[in-house]
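These numbers come from the heavy atoms of this one structure, side chains and all, not from hydrogens, waters or symmetry mates.
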Number of protein chains: 2
Amino acid sequence: MNDVARAAGVSLKTVSNVLNDYEFIRPATKQKVLDAIAELGYEANLTARSLRSGKTRMLGLVLSDLSIPYYGELASRLMTVAASRGYRVLVEQSGGVAGHELSALQGPFRQLTDGLLFTPLTLDVDTIAAHQGIKPIVMLGEHIADPRFDLVTMKNAEAAEAITAHLLAGGRRRIAVLGATAGATTDSPGLRLNGYRKALEAAGAEFDPALVVQCDWRRDGGASAVGSLLDSGVRFDAVFGLNDVMALGALHELLVRGIRLPDDVAVAGFDDIDEARFASPALTTVSPGMEEIAERSIKLLIDRIEGVETASEGLHIEAGFELKVRDSAP
Amino acid sequence: MNDVARAAGVSLKTVSNVLNDYEFIRPATKQKVLDAIAELGYEANLTARSLRSGKTRMLGLVLSDLSIPYYGELASRLMTVAASRGYRVLVEQSGGVAGHELSALQGPFRQLTDGLLFTPLTLDVDTIAAHQGIKPIVMLGEHIADPRFDLVTMKNAEAAEAITAHLLAGGRRRIAVLGATAGATTDSPGLRLNGYRKALEAAGAEFDPALVVQCDWRRDGGASAVGSLLDSGVRFDAVFGLNDVMALGALHELLVRGIRLPDDVAVAGFDDIDEARFASPALTTVSPGMEEIAERSIKLLIDRIEGVETASEGLHIEAGFELKVRDSAP
DNA sequence: CGCAACATTTACAACGTTATAGAATAGTGG
DNA sequence: CCACTATTCTATAACGTTGTAAATGTTGCG
């Protein structure tokens, strides 16, 4: 910057002012500076700028694992939206481990970012509140619904209700659910299960706890869950995976076992990952409006960082959803 | 740091020395400093450290799109390996657009990182060489094979040859290839196609250009490519997708059209993404040793950054591969 | 012509760290 | 007990930027 100042015959600060679009600069001076910058190929040093300003123009994204399709797609979209606002996204994988989530919250990672998009999987809301620090955090997903935090989420219950209603409308009465968890009703499995029950109730169908299976939210979790359901002799005419990869795992296992889809058993998922469309049969699922989630969460976080949004209570935003009816459950 | 120094009754620099494991520090002094750090909850400011040292301890990763399963998995593994060496990974999506690739190479992104893992898709090697700058770059993938650059790649030709040989051994003679490109033989489609031809030759099978189809390296690319092959009436008894997602798209399309897999047509892919195992039928593919690629590329890049590796020629590393025989092509 | 009032530019300090080089202290041999 | 070396510590100056406040230019008006 010194060199530029010398080349343009102005002071250091004037160059800085040009770079920062300071109002009171004579056009001629500005041009001289810009010429010098172009000629010398000067680029501002971002590290120095960060040190001085205390801002990094990076957003932190904490999620369990980028290799999970839903998170890969989410990260991709968030990065694109953030880029359009002049921010970068730095990803931290927690692996769903409490210690990693905590260190993402307080450790050096936090320092590198101006704000956090946080998908907590193991940490409870009070622990997070105790370690939230000073910079803005926007929660993604559903584990947290607390007035202390901003939250951008999908309409879990409504979407699960809609897809269950669709299965019921197709004549299914015994709908197995994969991926439920014990206890909590405010996290995404809980909310989706609520939606499921509500749809059953509305249709006057019986709720059978034997149809609700706990398993890992992964492909092989869904596969083995549906396998043990078959082995145990529980009857069912539909499977609702609380996310797509479990549903796809189940779909695969059902086919391996010679069960006809969708004639014998219909399969539905949740997320509408890219892959769902190309499964055989194509997976009926619900699209949680990821584009909207990405846009609104980035906007909210940046507005908090830049002081545009000043609500003292946490804002809770729910993105719309869309039912995607395909061959696995027509 | 000033506060810590005061609390410990030592100078600023002594605190810095403790933090940097400077050799000549009395154990008692070191302990005093560590106690003061613990008591005050001090954490070093990474931005200031970066400004002073010129290092960010971040590695840049340039790839087309994180939502592509192969890249999601790769990024995830790279981040894990990098973390174990005390580095973070900052991802930049190029979308396969030349302009974005170029700006990742020279723009502010470069400043934020100590070195680059680069997966060039559109830029040619001379353009890259012209803009490579001063910091280390390790190429990932296959578009570049040039003595000027370090490269970590998979055994494209050998792996493609192996999987083609497997199809031939299964009695297939007319193997369609999806995802070929015109011209280049040193990029990954080119190398894989070479392996395909070599296997044909070794088996004395005829090479038919009509079986080689160009398409986008995406799910719907594979689907529509195999669709138009069917429509055009070209006979084939196997499909080799040059990557898994094309193969999976093709697999889906074949099933939709009522073709029996693997009886009528066998399908094979390349990459062994997580999803391949759970397709129906499960996809036969080749695993390119991603773990090894991740480990060796991170190690090489960090060794270059830290001056451990000083070879003046580019190092070319090929990771091993493993054939994954599954139901789509037994 | 003089002096507000405003526009434009500048000098200097600061952000929090590490490198350099030198000062202080401890240890050793004669 | 002194000179000399090895160890341990510290003062000062950077790294490259922006905020503050003050200096300088310019314009308009009485």
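Listed pair A:Asn20 / D:dT18 meets the phosphate criterion, a side-chain N or O lying under 4.0 Å from OP1 or OP2. OP1 and OP2 of C:dG16 both lie 4.0 Å or more from every side-chain N or O belonging to B:Asn2. Contact check, B:Arg26 against D:dC9: a side-chain N or O comes under 4.0 Å of OP1 or OP2. Distances shown here put a side-chain N or O of A:Thr29 below 4.0 Å from the OP1 or OP2 atom of C:dT9. In terms of phosphate contacts, B:Tyr42 brings a side-chain nitrogen or oxygen within less than 4.0 Å of OP1 or OP2 of C:dT17. For B:Thr14, a side-chain nitrogen or oxygen approaches OP1 or OP2 of D:dT10 to under 4.0 Å. The phosphate of D:dT18 has OP1 or OP2 within less than 4.0 Å of a side-chain N or O from A:Arg49. Here A:Ser16 does not reach the OP1 or OP2 of D:dT17: none of its side-chain N or O atoms lies under 4.0 Å away.
With DNA chain D read from its 5' end, the first of the two nearest nucleotides for A:Met1 and B:Pro27 is the one closest to B:Pro27. In terms of position along DNA chain D, the nucleotide closest to B:Lys30 lies nearer the 5' end than the nucleotide closest to the other residue of the pair B:Leu51 and B:Lys30.
Taking atom CD of residue B:Glu23 and atom P of nucleotide C:dT18, one finds them 18 Å apart after rounding to whole Å. One can place CZ of B:Arg52 at 17 Å from P of C:dC15, the figure rounded to the nearest angstrom. When the C1' atom of C:dT10 is taken as reference, atom CG of A:Asn17 falls 10 Å away, rounded to whole Å. Summarising the geometry, the separation between CG on A:Leu12 and P on C:dA13 is reported as 14 Å, rounded to the nearest angstrom. For the pair B:Lys32 NZ and D:dC9 C1', the interatomic distance rounds to 10 Å; values are reported in whole Å. Note: CZ (B:Phe24) to P (C:dT25) measures 19 Å, nearest angstrom. Residue B:Asn45 contributes atom CG, which lies 11 Å from atom P of C:dC15 at whole-angstrom precision. Residue B:Asp21 contributes atom CG, which lies 14 Å from atom C1' of C:dT18 at whole-angstrom precision.
Under a 4.0 Å N-O distance rule, the pair B:Arg85/B:Asp303 qualifies as a salt bridge. Residues B:Arg6 and B:Asp3 are paired through a salt bridge, judged by an N-O separation under 4.0 Å between the basic side chain and the carboxylate. B:Arg304 has no carboxylate O lying under 4.0 Å from a charged side-chain N of B:Asp114, or vice versa, which leaves the two without a salt bridge. Between B:Glu295 and B:Arg77 there is no salt bridge, since none of the side-chain N atoms of the basic residue sits less than 4.0 Å from a carboxylate O of the acidic one.
Within the nucleic acid shown, A:Ile25 comes within 4.0 Å of sugar-phosphate atoms alone, with no base atom in reach, counting heavy atoms only.
For the 3.5 Å distance criterion, the side chains of B:Ser188 and B:Asn156 fail to qualify, holding no donor opposite an acceptor.
For B:Lys13, whose side chain is taken as the heavy atoms from C-beta onward, the closest listed nucleotide among C:dT17, C:dA19, D:dT17 is C:dA19.
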